[in-house]
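What follows is a single structure, written as structure tokens, with notes after it.
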Protein chains: 2
Amino acid sequence: MAICRQGAGDRLLFVDMRGNVAITIKDIARQAGVSAATVSKVLNRKDQFISEETREKIWSLARERNYTPNSIARSLVTRSSRVIGIIVPDILNAYFTELVRACDVAARERGYSTILCNSDSDPEKEAAHLTFLASHGVDGIVMAASDLIPDAGLLERLRIPLISMDREIPELDCLAARIDTDYETGAFLSASHLIGAGHKRIAFVSGNPLASNTKIRRAGYERAHREAGLPIDPDLIECGAFNHRFGLMATRTLLDRTSFSAMCCMSDMLAMGATVALRERGLGVPEDCAVMGFDNIYIAPLLVRPLSTVERRISEAGQLAVDALIDFLDDPTQPRRMVLMEPTVILRETT
Amino acid sequence: MAICRQGAGDRLLFVDMRGNVAITIKDIARQAGVSAATVSKVLNRKDQFISEETREKIWSLARERNYTPNSIARSLVTRSSRVIGIIVPDILNAYFTELVRACDVAARERGYSTILCNSDSDPEKEAAHLTFLASHGVDGIVMAASDLIPDAGLLERLRIPLISMDREIPELDCLAARIDTDYETGAFLSASHLIGAGHKRIAFVSGNPLASNTKIRRAGYERAHREAGLPIDPDLIECGAFNHRFGLMATRTLLDRTSFSAMCCMSDMLAMGATVALRERGLGVPEDCAVMGFDNIYIAPLLVRPLSTVERRISEAGQLAVDALIDFLDDPTQPRRMVLMEPTVILRETT
DNA sequence: CTGAAAGCGCTAACAT
DNA sequence: ATGTTAGCGCTTTCAG
């Protein structure tokens, strides 16, 4: 925690640059000639019954000696850390980068800090992070879509208020809110746009085929086809993961297997990978193949050929999640929120 | 921390799903018929003098009742949290996303976790984060380039082992290592490549003009010109920030002000913004204007027109930083490391 | 081999 | 208006 050395007596002393012992509430108390309790009250602004004089003295002493409270000790007694944990599959996915940033901003605005964990969509890591966060006393957790159903037993046991983002989750006592995107509609809009533009063979690329958030999107894609009276060809479907590497591989596979004039990618990262694969084969976007993304990550409009995509207001979702969590922490009896965000289509230059 | 309710007696009880009180070392001790000290020893594997029998009993009890140690309490007494803090200007900048991810991976490999802070290149926020991290007892801090010189007094006072990445920093007692990139060479290579390709008027776009990491890059850009006997035109220089928004604006400004056939951007985000601005004006890359980036962020090769850039092995740098930090934590007497990473040029399709 | 005791820095009843 | 006391859950001598 800090570089320390043996003190004059027996106890370990934390020393600063000039060899002074690091400041605790007791030191302030001694110097001010009051008790630790009084210092605590003043510093926590529970000082209605403290004389103006001692108050002043304590504050000036604290400032002068650069007193910083030990949050660890405080958390131990108050059983609250004002920290919230955030678990996402992979912060390298720009969608989650934005989400995490939004959560962090929202949390800080309300006096909370965040601890970030990457799960790599691995349930083991996810469980480890959950335990880690619990053990570090976070007040709440925002958990975003990994592809798999979490260990509900663990979640129940931890009893830490939880916000679940974009994933199915069992009914939990500690569930503070669910923030979801209407994937079915999003995928439906995406496919419908492409169908409306005259495309008949549209590839569908998405994440883990076993995960509900892929199944649901696929349902939207299929509904668009049914409503347009178009057949659904399983050869056009490739599901694996939401990152750009899979987008690249899936597109190569599709290109080898069949033909199509448009792609319905279920994340922008996927769409970026797809675009690279298309170029590899000398196919122009959108002339030879149109590409739709999903998420509207902040780099989507920065691509040389700005990506048409499904907007899902990532930052708003992150903000919503954290606010719901902290509101729940403030008052756990309030009704649980279930938010379903409606996506919209943004047309740029890849379709 | 957890949902609690008033117990049978007076004290607050932390209850799990079945109404059981949350497990502490004492509970295990009571059930096993031993003392808390013994349980602590076993669970921490300081059990050379504990009988096989009690050891077994304690482990099985701990597992059965899902005991999770309270890290807060542990940190309070051990004065070590096995957490390291990471401060970056903005995780939305893909360069820092990668850096943070690499630090996190490296830290976890060695049994540490990370807490992330975004400073927005704001010294006030940076100071606040430093204080926050100190107060939360992190064992060390990795701090990456904000544009401004930090408050050395604060750093000295905190006395937390620090890794400084890509920035000038005063000689500090607690400085565990500095990881730097040779920006001068990087910028020199970038400009030289462009000059070698026949360009005579090359724009230079970089971050905060007052920050040393801009000045140093500018020196490399100018040296390339001098060595090639080319004049340096201040009209071609635009410095402000490293993000894509500034890249966009700067390029518009440059385009309005003067003419050039190539751009030397001091970050890939800047280059992405520049590319957008160029397109806006109907200029093709690289036919009408070549663009060089810097950083080689993972999306650089994913752009429709893959970006030529200066590679700086971001993940390796992050890994290096965390390893240096933890090595220092393990043995503070070892010599401080100063690493200067050498960048190389990667040619793709924008030049 | 095990336990008792002390204490990390702080807060919160309850006295005074 | 302030101090006393008792702990939060854990680790760590030191004494049996």
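Below, chains carry the letters A, B, ... as their sequence lines are ordered, and counting in each starts from 1.
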Is the phosphate of [N] approached by [X] (side-chain N or O, under 4.0 Å from OP1 or OP2)?
| X | N | result |
| --- | --- | --- |
| A:Tyr67 | C:dC10 | yes |
| B:Arg79 | D:dT11 | no |
| B:Asn44 | D:dT11 | yes |
| B:Lys26 | D:dG9 | no |

Rounded interatomic separation in angstrom, taking [atom1] from [X] and [atom2] from [N]:
| X | N | atom1 | atom2 | result |
| --- | --- | --- | --- | --- |
| B:Asn70 | D:dG9 | CG | P | 7 Å |
| B:Asp47 | C:dG3 | CG | C1' | 16 Å |
| A:Arg74 | C:dC8 | CZ | P | 18 Å |
| A:Arg30 | C:dG9 | CZ | C1' | 13 Å |
| B:Glu56 | C:dT2 | CD | P | 13 Å |
| A:Arg45 | C:dT11 | CZ | P | 13 Å |
| B:Leu43 | D:dG9 | CG | P | 16 Å |
| B:Arg82 | D:dC10 | CZ | P | 18 Å |

Under 3.5 Å, side-chain donor or acceptor atoms of residues 84-91 of chain A against the rest of the protein: list the pairs with distances, not counting sequence neighbours.
{"unit_1": "A:Asp90", "atom_1": "OD1", "unit_2": "A:Leu92", "atom_2": "N", "d": "2.9"}
{"unit_1": "A:Asp90", "atom_1": "OD1", "unit_2": "B:Arg101", "atom_2": "NE", "d": "3.1"}
{"unit_1": "A:Asp90", "atom_1": "OD1", "unit_2": "B:Arg101", "atom_2": "NH2", "d": "3.4"}

Would you please name every residue forming a side chain to side chain donor-acceptor pair (under 3.5 Å) with [X], sequence neighbours left out?
| X | value |
| --- | --- |
| A:Thr78 | none |
| A:Thr68 | none |
| B:Thr131 | none |

message: Applying side-chain contact (heavy atoms from CB on, under 4.5 Å), can you list everything that pairs with A:Ser51, at least two apart in sequence or on another chain?
response: A:Glu53, A:Thr54

- request: Could I get the full list of side-chain contact (heavy atoms from CB on, under 4.5 Å) partners for A:Glu64, not counting sequence neighbours?
  value: A:Leu61

message: Let me check the geometry of the helix from C:dC1-D:dG16 to C:dT16-D:dA1. What is the bend angle between the axes at its two ends, five pairs each, to 10°?
response: 40°

- line: All heavy atoms of A:Ile163 vs all of A:Ala176, minimum pair found to be CD1-CB, 3.9 Å

- request: Answer yes or no: is there a side-chain heavy-atom contact under 4.5 Å between B:Leu162 and B:Leu155?
  value: yes

- request: Among residues two or more places apart or on two chains, list those pairs meeting ring-ring contact (aromatic ring centres under 6.0 Å, His included) that have a residue in residues 114-134 of chain B.
  value: B:Phe132-B:His136

query: Tell me, for nucleotides 1-7 of chain D in 5' to 3' order, what letter each nucleotide earns: B for a base near a protein heavy atom under 4.0 Å, S for only sugar-phosphate near one, - for neither?
result: BBBB--B

